[in-house]
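This report refers to the structure that appears directly beneath it.
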Number of protein chains: 2
Amino acid sequence: MKTTTASAARQFPCDKCPLQGFPHFQLHEKEEIKFLSGFKTGELVADAGTTVLVEGANSAHLFTVLSGWGFRYKTLDDGRRQILNYVLPGDLIGLQGSVMKEMQHSIEALSPMILCVFQRDKLPDLFRNFPNLAYDITWLASREEQMLDEILLSVGRRTALERAAYLFAFIFQRAKSVAMVKNGKLTVPVTQQHVADTLGLSIVHTNKTLRKLAGRGALRWLDRGCEVLDEQMLMDISGWPGLPAAPRPYI
Amino acid sequence: MKTTTASAARQFPCDKCPLQGFPHFQLHEKEEIKFLSGFKTGELVADAGTTVLVEGANSAHLFTVLSGWGFRYKTLDDGRRQILNYVLPGDLIGLQGSVMKEMQHSIEALSPMILCVFQRDKLPDLFRNFPNLAYDITWLASREEQMLDEILLSVGRRTALERAAYLFAFIFQRAKSVAMVKNGKLTVPVTQQHVADTLGLSIVHTNKTLRKLAGRGALRWLDRGCEVLDEQMLMDISGWPGLPAAPRPYI
DNA sequence: CGTTTCATTGATTAGTCTCAACGAAGGTGG
DNA sequence: CCACCTTCGTTGAGACTAATCAATGAAACG
């Protein structure tokens with residue numbers, strides 16, 4: 001397991017945060033940006049395959065993803081792994097570690113990532129002086145919960161084919177909202193092992209399920225990733241109505 | 001489907017909140033209690049089987065459970081149901097409906113419940129003037145996320161027997177922390193259909209799995225509920241390390 | 001006293017897992 | 001530059017887990 005590579009370079013001052021550019025992202029007040037500039041302690045560049053946060057660590061910082069893909073996961077003692085959710089630009093990670101005692105899950109980079117690093121001990125300060133930002137954090141926590149609800153429904157009650165279709169429709173829509181979809185197409189940088197650990201299936205059965213979806217033209221498997229081709233077909237197969245398009249905050 | 005029964009009677013003023021009595025629950029400041037008294041609009045008494053919150057409703061209030069059992073769930077179009085988590089005294093429910101546009105899940109009472117009802121539109125006021133309470137809400141949202149992480153790990157990666165053992169160990173510990181366990185025993189007011197919809201299994205297989213656990217003496221199935229007998233055995237079977245015993249807030 | 005809900009059980013079927021093997025691609029070191 | 005190794009995707013066969021179908025009994029209810 002690779003360790004994270006820290007980088008002191010700060011390429012993105014908060015008033016030029018790259019997240020500002022995304023369509024549904026709510027902008028901050030001047031005062032808030034000023035505070036956030038101090039709240040932010042730097043940037044972390046993580047290579048693909050890197051573990052960004054480890055379960056059990058309590059020294060965790062708080063991060064916002066500026067670019068790249070990652071995933072949250074938990075493992076059982078014997079090594080069985082469950083991927084809980086994927087992490088995309090705009091997502092806040094490490095809140096559990098800040099609010100509770102320690103992180104109960106790990107986070108790993110799927111692609112090179114740039115993370116905005118916040119100072120955990122200034123969080124009370126944020127709550128005291130910037131109620132709107134505090135509300136934003138709560139909003140983001142609620143959203144994560146809502147995503148988990150839907151993922152749990154899927155893993156618990158959908159068939160393998162429906163589950164796989166849901167997963168890629170879901171990822172596609174999330175990616176679309178942060179401008180990662182180019183020309184209606186998207187390449188998700190995962191292996192089939194990742195997909196298996198997300199869906200709660202074996203890797204063999206995952207392969208057979210993905211081939212079915214590929215056979216229908218819903219997606220195509222590439223070198224080391226999945227190209228989503230037909231969002232609508234995936235939604236039809238899974239019976240998933242899609243994500244509501246609402247304005248969203250970020251920190 | 002029964003509808004909820006509203007009750008105007010207010011039996012519990014905030015300074016005598018029954019949740020104060022529980023061991024790990026953090027107490028509030030006087031000022032906070034004063035605010036909460038205004039934040040609270042009344043109490044809701046729900047009978048067993050009653051739907052407290054419906055998916056899609058956006059008029060939802062915010063509630064804290066004062067007593068009784070409930071569960072959160074989602075359903076697919078064809079009726080397949082997934083129970084997401086159980087709801088016990090001290091839990092805050094309806095936050096998704098307050099923070100996002102609308103609820104994406106429903107909540108139903110398993111036993112008679114008493115809920116503390118809050119006025120959703122005063123939530124910004126709370127964030128503005130009571131940062132500690134705002135932090136508490138975030139804490140509770142984080143905790144829900146953490147529970148969901150663990151449930152998802154279980155549904156995705158544990159065997160049927162491990163899953164069932166985990167479920168009742170988990171419920172037992174949560175119930176213990178709010179003094180619902182008497183003499184080391186607990187009766188959970190669920191049917192096997194509830195258990196099946198929690199574990200992502202069919203009802204037939206759930207029955208066979210529960211009989212195995214009963215055969216080993218870990219639990220006993222009663223009239224309409226499950227009596228947890230051997231917490232340690234359930235933890236051993238599931239390989240679940242248990243809940244951390246930390247002080248927790250409530251609203 | 002019929003009706004409904006819930007738990008239970010056996011038989012059969014379907015879905016998924018494990019085992020095993022192999023090919024393709026990429027990386028590494030000699 | 002090539003031989004070797006590793007990772008990843010793929011496929012088939014057989015075993016096993018869990019779903020479905022079907023039927024029954026017990027208790028609660030109106």
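Lettering follows sequence order; numbering is per chain, from 1.
At least one side-chain heavy atom of Val52(B) sits under 4.5 Å from a side-chain heavy atom of Leu115(B). Residues His194(A) and Val188(A) are not in side-chain contact: their nearest non-hydrogen atoms beyond the backbone lie 4.5 Å or more apart.
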Are any protein N/O atoms closer than 3.5 Å to N/O atoms in nucleotides 19-24 of chain C? If there are, list each pair with its distance.
none

When you compare the protein's N or O atoms with those of nucleotides 13-16 of chain C, which come within less than 3.5 Å of each other, and at what distance?
from	atom 1	to	atom 2	distance (Å)
dT16(C)	OP2	His205(A)	NE2	3.1

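Under the 4.0 Å criterion applied to side-chain N and carboxylate O atoms, Arg72(B) and Glu145(A) are assigned as salt-bridge partners. Taking a cutoff of 4.0 Å between a charged side-chain nitrogen and a carboxylate oxygen, Asp91(A) and Arg174(A) qualify as a salt bridge.
Contact record, Gly239(A) with Asp77(B): O-OD2, 4.3 Å, taken as the closest heavy-atom pair. Across Trp69(B) and Ala175(B), no two heavy atoms sit closer than the pair CH2-CB, 4.1 Å. Residues Ile107(B) and Tyr73(B) approach most closely at N-CE2, 4.2 Å, considering heavy atoms. Asn85(A) and Met147(A) make their closest contact through ND2-CE, 3.5 Å (heavy atoms, listed as atom of the first residue, atom of the second, distance).
At its two ends the helix from dC1(C)-dG30(D) to dG30(C)-dC1(D) runs along axes set 40° apart, each axis drawn from five pairs and the angle rounded to 10°.
Between Phe25(B) and Tyr250(B), the ring planes lie tilted relative to each other; the angle falls in the 30° to 60° range.
The separation between Leu199(B) atom CG and dA18(D) atom P is 11 Å, rounded to whole Å. Spacing between atom CZ of Arg157(A) and atom P of dA18(D) amounts to 13 Å, rounded to whole angstrom units. With rounding to whole Å, Ile203(A) atom CD1 is found 8 Å from dC8(D) atom P. The nearest whole Å value for the distance from the CD atom in Gln193(A) to the P atom in dT7(D) is 12 Å.
The six-membered or imidazole ring of His61(B) lies away from that of Phe118(B), with a centre-to-centre distance of 6.0 Å or more.
When the side-chain nitrogen and oxygen atoms of Gln192(B) are compared with OP1 and OP2 of dT8(C), one or more of them lie within a distance under 4.0 Å.
In this structure, Lys176(B) places its NZ atom where more than 12 heavy-atom neighbours from other residues, nucleotides or ligands lie under 6.0 Å away.
The salt bridge (Lys or Arg N to Asp or Glu O under 4.0 Å) check on Glu102(A) picks up nothing, with sequence neighbours excluded.
For the segment residues 211-227 of chain B, residues with any heavy atom less than 4.0 angstrom from an atom of DNA chain C are, sorted by number, Arg211(B), Trp221(B), Arg224(B).
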Output side-chain donor-acceptor pairs under 3.5 Å for residues 155-167 of chain A, partner residues at least two apart or in another chain, one line each.
from	atom 1	to	atom 2	distance (Å)
Arg157(A)	NE	Arg81(B)	O	2.9
Arg157(A)	NH1	Leu201(B)	O	3.2
Arg157(A)	NH2	Ala196(B)	O	3.1
Arg157(A)	NH2	Asp197(B)	OD1	2.6
Arg157(A)	NH2	Leu201(B)	O	3.1
Arg158(A)	NE	Ser154(A)	OG	3.1
Arg158(A)	NH1	Ser238(A)	O	2.9
Thr159(A)	OG1	Glu162(A)	N	3.3
Thr159(A)	OG1	Glu162(A)	OE1	3.4
Glu162(A)	OE1	Thr159(A)	N	3.0
Glu162(A)	OE1	Arg80(B)	NH1	3.0
Glu162(A)	OE1	Arg80(B)	NH2	3.4
Glu162(A)	OE2	Arg80(B)	NH2	3.2
Arg163(A)	NE	Arg158(A)	O	3.0
Arg163(A)	NH1	Leu199(A)	O	2.6
Arg163(A)	NH2	Arg158(A)	O	3.2

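Position along DNA chain D of the nearest nucleotide to Asn207(A) versus Lys208(B) favours Asn207(A) as the more 5'-ward residue.
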